[in-house]
Structure formats: structure tokens, C-alpha cells
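The model shown is predicted, which means the values in this text are computed figures rather than measured ones. As the structure lists them, so they are numbered: ligands from 1, and atoms in each ligand from 1. We use all heavy atoms of the structure for the numbers below, so side chains are in, but hydrogens, waters and symmetry mates are not.
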Amino acid sequence: MDKLLITGGRPLAGEVRISGAKNAALPIMCAALLTDQPLALDNVPRLMDVRTMAKLLGLMGVEVGPQADGRLQLQASQIKDPVAGYEMVKTMRASVLVLGPLLARCGRAKVSLPGGCAIGARPVDQHVKGLQAMGAVITVEHGYMNATANRLKGARIVMDLVTVTGTENLLLAAALAEGTTVLENAAREPEVVDLANCLKAMGARIEGAGTDTIRIEGVGSLAGARHRVMPDRIETGTFLSAVVAAGGKVRLVNTAADTLGATLEKLREAGAKIAIAGGAIEVEMAGRPQSVSLTTAPYPGFATDMQAQFMALDCVASGTGQITETIFENRFMHAQELQRLGADISIQDNTAVVKGVERLLGANVMATDLRASASLVVAGLVAQGETLIDRIYHLDRGYEALEHKLSGLGAKIARVR
Ligand code: EPZ
């Protein structure tokens, strides 16, 4: 099994190109289920999760073109089998995003329940409740959600909590429903806006994406379209936090600073100089960062997907930072791996108190989930000596060519067996 070997202690310098966003690409790929015409996508990242989604759609009969230079074409001329089996859903929770579009297009769907995952229980009750409000009949048997509907009907849906994929699933379904759907307490994440933009290019009528109230006027059919997937704001944030931890000067291109929410302010608080020019961000960091305290929250609050990387930053900062995780109940698994590198972290309930130390020392560590892995990479870049990160398949799910991109910035990092 592949591992990453990092020899830390070198500042980062140069330019890095940010890939398309995984968490936008996955729901947008599902939009292909809503039309028999081709959906041509640009800026699609080369990632395991994108391959998994392509495979899942392929199993349903969607024609998936080759992925080259960020391009990927999908065409669901017909859907022969509106099913997402356990084997697929267990490897990628985002598979549940096929439920809404399958119901809207085929009037039926069978999707495995995702079950728990490493970072928390993560139920899908809000997805189900919303589709039921639109007239779907959903039963759960043998671990599967069996859903049927004649034609989904627009409804006013007040979501109990802010859910990103829940909002996306209902947005996808409502695009083809009869009448108007209003989603209240909707997620405001930029990925939701990107999905809405793609659907609009396909002919959907959507207003308010990016606010907490989204209004969708259902249409009878959608057409094909061409859409460019937004840049990955979490990959962007990960590179920025790596530079702030390790020091140096890096220019990030093909990114979008206005999607980063609270991340940029927190990095400035840590002492980074950040300049924004169009689709590029320049970050410069000299000396040791200052610790920062943060609480994760739905967008535009501090992203839970950046929490682990900031914990790595706080580990080497001067001062003490308090990190509170409010979105997922078990998203501190990186803490004990960071401690193996010499970090001083104590956890009480959903708050981690991180006392910055003068230096981390390389060690063998284990990746436990995608962003936890990213935090170990950030820490490994700063730690003295060699850090060997095991189970990096987690990283491959969500970061395109991470070690190549970091090598290009002068890091000593290699994939080893
Ligand atoms: C999305 O997951 C992202 N995944 C996650 O990215 C991200 O961490 C998360 O949003 C929060 O920003 C994709 O976009 C594919 P939620 P999602 O539904 O949609 C609870 C990464 O590292 N909830 O917004 O599954 C849930 O348990 C990942 O790239 C319910 O109770 O997250 C959680 O506590 C991991 N019932 C909270 O809501 C529901 O029906 C927010 O989860 C749905 C969610």
C-alpha cells in the first residue's frame, strides 16, 4: 500500500495550479442524470472520488467519456438501472446524490443507506424528508432506500439543519419537479451555487442559490450544457495553510479567493501576507505563525474541511489555539497522529486546545480520513526529519497529484511502498 514520505523543514516557493473542486464535481456529475443530452464538463479533477462517481453512473447506463485535460462528458441517453448498490455507496457517501435526480428522471430509485463513517454518524434524514415532501414514497428495507414517485411536486421544505449534499439532492430533484420548490435553511456553500449554475445552463429555473432560501421552478425537461467546475477552495486552503506552517512564498493560480469564506482572514491572523489578483492568490510567510482559534460552521463560517489543516498549523504556532468542531462529532482523529509528531493537544468534548511547540519531529503516522491526511502532510512539511504517512488512499480521494504539486514547490516528498 502506498505511503508518503516527507522530509520536513523546507520552505515552499513557486507556483501551484489548483484543481477543480471535488465537492462541486460530484453533484454536478449527478446532474447528467436529469437529461438525455450530453453534459460536457471542464476543470474536473483527477481523483478517486470522481472515478467512483463515474463508475456508479456508468453502472446505471450513463455513457461516460474519457477524462482528459480536465474534460469529462456524460450522457444519460437512458437509465437502465436506477440503483446505487452498497458496494459503491460504502466507498463514497456522496453516491447518495443520485437519489434525487434518479427519482426526478425515472420515478424510482434504489440507493443503499450510507451508514456511519469515520468522521461521524452522518444520517440522510433531511434528504429523505425533503423528497417525501415532494411526494416521493420512500421505504427502507435491507439497508436500501426504495423510492418511488409519479412526478415529484414542488413543495416548501424547511430543512432542520444546514446540509450541503442534502440541499444539492433536493435542488437536483426540484429542477424537474412539477411546480415551485422553496428550500429554506439551505446550505450556502459555493459548491451549491456551482451546481445551481450548471443546472441553469441546462435550462433549470433557480433563484437564490448562495442564500439560505432557494427557489426552484420545475421544468418539464432539461437539455445538455457545457460547464466549468469551480476551483477547489479546500485544496486552495490546504496549500495556503501549508505555506503558512512551513514558511515561504507561493502563488496559487486557477483559484477563487471569494469562495474561501473565513479561511483567508484566519491565515492573515496567523501572520500570513496574502494578496489576491483575479484568479490568483499570493501568500508569503516569514517566521513562526501565531496560533489562531476557530469554530467550524456552515459557509461562510470556518469550513470543517479546513479544521484539521489549521490544527496542524496551530501545533507549530506561537501561543495556544482553541479549535471547536461543530459540524461532525468525530472529526479530531488527526489529533493523536499529530501528537506522534510531538504536538501538544488536549481534547475536551468538541474542543481541542493546541499549545504550539517549537518543533515537531518526524514519525510514522496514519491517515484516517481525507482532511486528517492533509493535516499530516502540513505537519510533515514542518517536522524535522522524516514523516511517513500510511493509508494515503484517503488523500487520493480528494487531492489531485498532491505530492507532485508540493515537489514543484520545493518540498521533499515522495510516494513510497
Ligand atoms: C459535505 O458533506 C461535504 N461532502 C463534506 O466534505 C463536508 O465536510 C460537509 O459537506 C460539511 O461542509 C461533499 O460535498 C461531497 P452535511 P455532507 O450534510 O453534505 C448532519 C470532505 O472532506 N446531517 O452538510 O455529507 C450531518 O451528520 C468532505 O471533502 C443530518 O443530520 O455534510 C452533519 O453533522 C467530508 N441529516 C451535518 O448535518 C442529514 O440528512 C452537516 O453535514 C444530512 C446531514
Side-chain angles (χ1 to χ4, degrees), residues 19-30 45 47-50 52-53 56 89 91-100 111 113-133 138 140 145 157-172 183 185-195 212 229-230 232-238 259-263 295-309 325-331 333-334 350 367-375 394-400:
S19 301
K22 165 181 84 85
N23 288 346
L26 298 176
I28 286 170
M29 289 171 77
C30 294
L47 297 171
M48 189 53 83
D49 275 9
V50 166
T52 304
M53 184 59 87
L56 175 64
V89 180
T91 58
M92 187 180 68
R93 284 184 51 86
S95 309
V96 79
L97 282 164
V98 300
L99 179 62
V111 176
L113 278 171
C117 76
I119 60 177
R122 299 179 81 186
V124 289
D125 56 303
Q126 299 302 310
H127 305 229
V128 169
K129 200 179 112 180
L131 292 169
Q132 284 171 332
I138 303 180
V140 175
M145 294 180 276
I157 299 165
V158 184
M159 302 171 93
D160 295 345
L161 45 80
V162 178
T163 155
V164 179
T165 50
T167 302
E168 291 164 347
N169 227 338
L170 299 181
L171 190 55
L172 285 157
L183 299 179
N185 200 20
R188 292 180 284 168
E189 268 66 3
E191 291 77 9
V192 173
V193 178
D194 204 28
L195 171 64
D212 61 5
V229 175
M230 65 174 279
D232 197 315
R233 63 191 170 101
I234 306 300
E235 187 197 16
T236 302
T238 302
T259 60
L260 294 189
T263 302
T295 299
T296 63
Y299 190 84
F302 190 90
T304 173
D305 289 346
M306 283 305 305
Q307 177 260 107
Q309 300 87 317
E325 171 61 54
T326 70
I327 309 290
F328 293 112
E329 64 273 24
N330 189 24
R331 213 176 193 183
M333 284 167 301
H334 38 284
N350 65 340
T368 49
D369 67 70
L370 173 55
R371 308 304 170 187
S373 322
S375 81
H394 291 292
L395 274 177
D396 296 332
R397 288 188 57 181
Y399 289 92
E400 185 177 62

Original post:
Atoms of ligand 1 less than 4.0 Å from H127 heavy atoms?
Top reply: 40 (O)
**OP:** Please work out whether any backbone atom (N, CA, C, O) or any side-chain heavy atom from C-beta onward of D125 is under 4.0 Å from ligand 1, and answer side chain, backbone, both or neither.
**Re:** both
Subject >> Atoms of ligand 1, numbered as shown, that sit under 4.0 Å from any heavy atom of V124 >> reply: 39 (C), 40 (O)
Subject >> Contact summary for D194 and M230, nearest pair of heavy atoms >> reply: OD2-N, 2.8 Å
Subject >> Atoms in ligand 1 flagged as close to Q126, the criterion being non-hydrogen separation under 4.0 Å >> reply: 36 (N), 39 (C), 40 (O)
Original post:
With a 4.0 Å cut-off on heavy atoms, is E325 touching ligand 1?
Top reply: no
**OP:** Taking E168 for its side chain and L195 for its backbone only, find out whether a donor-acceptor pair lies under 3.5 Å.
**Re:** no
Original post:
Taking heavy atoms and a distance under 4.0 Å, where does R331 meet ligand 1: side chain, backbone, both or neither?
Top reply: side chain
Subject >> Residue list, salt bridge (charged side-chain N to carboxylate O under 4.0 Å, His left out) with D396, at least two apart or on another chain >> reply: R415
Original post:
Closest approach of C30 and V98, non-hydrogen atoms and distance?
Top reply: SG-CG1, 3.9 Å
Original post:
With distance as the sole test, does Q309 use its side chain to make a donor-acceptor pair with the main-chain N or O of D305 at under 3.5 Å?
Top reply: yes
Original post:
Numbering the atoms of ligand 1 from 1, which are under 4.0 Å from a heavy atom of K22?
Top reply: 21 (C), 29 (O)
Original post:
What do you reckon, does A94 have a nitrogen or oxygen under 3.5 Å from a nitrogen or oxygen of ligand 1?
Top reply: no
Original post:
For ligand 1, is any non-hydrogen atom under 4.0 Å from T165's backbone (N, CA, C, O), its side chain (CB onward), both, or neither?
Top reply: both
**OP:** Heavy-atom distances under 4.0 Å are what count here, so tell me which part of T304 touches ligand 1: side chain, backbone, both or neither.
**Re:** side chain
Subject >> Heavy-atom donor-acceptor pair, N169 side chain to G100 backbone, under 3.5 Å >> reply: yes
Original post:
Out of curiosity, M92 CE to L26 CG, how far, rounded to the nearest 0.5 Å?
Top reply: 5.5 Å
**OP:** Using a 4.0 Å heavy-atom threshold (strictly under), name the region of L97 that reaches ligand 1: side chain, backbone, both or neither.
**Re:** neither
**OP:** Take every heavy atom of P123, measure it against each atom of ligand 1, and state whether any distance is under 4.0 Å.
**Re:** yes
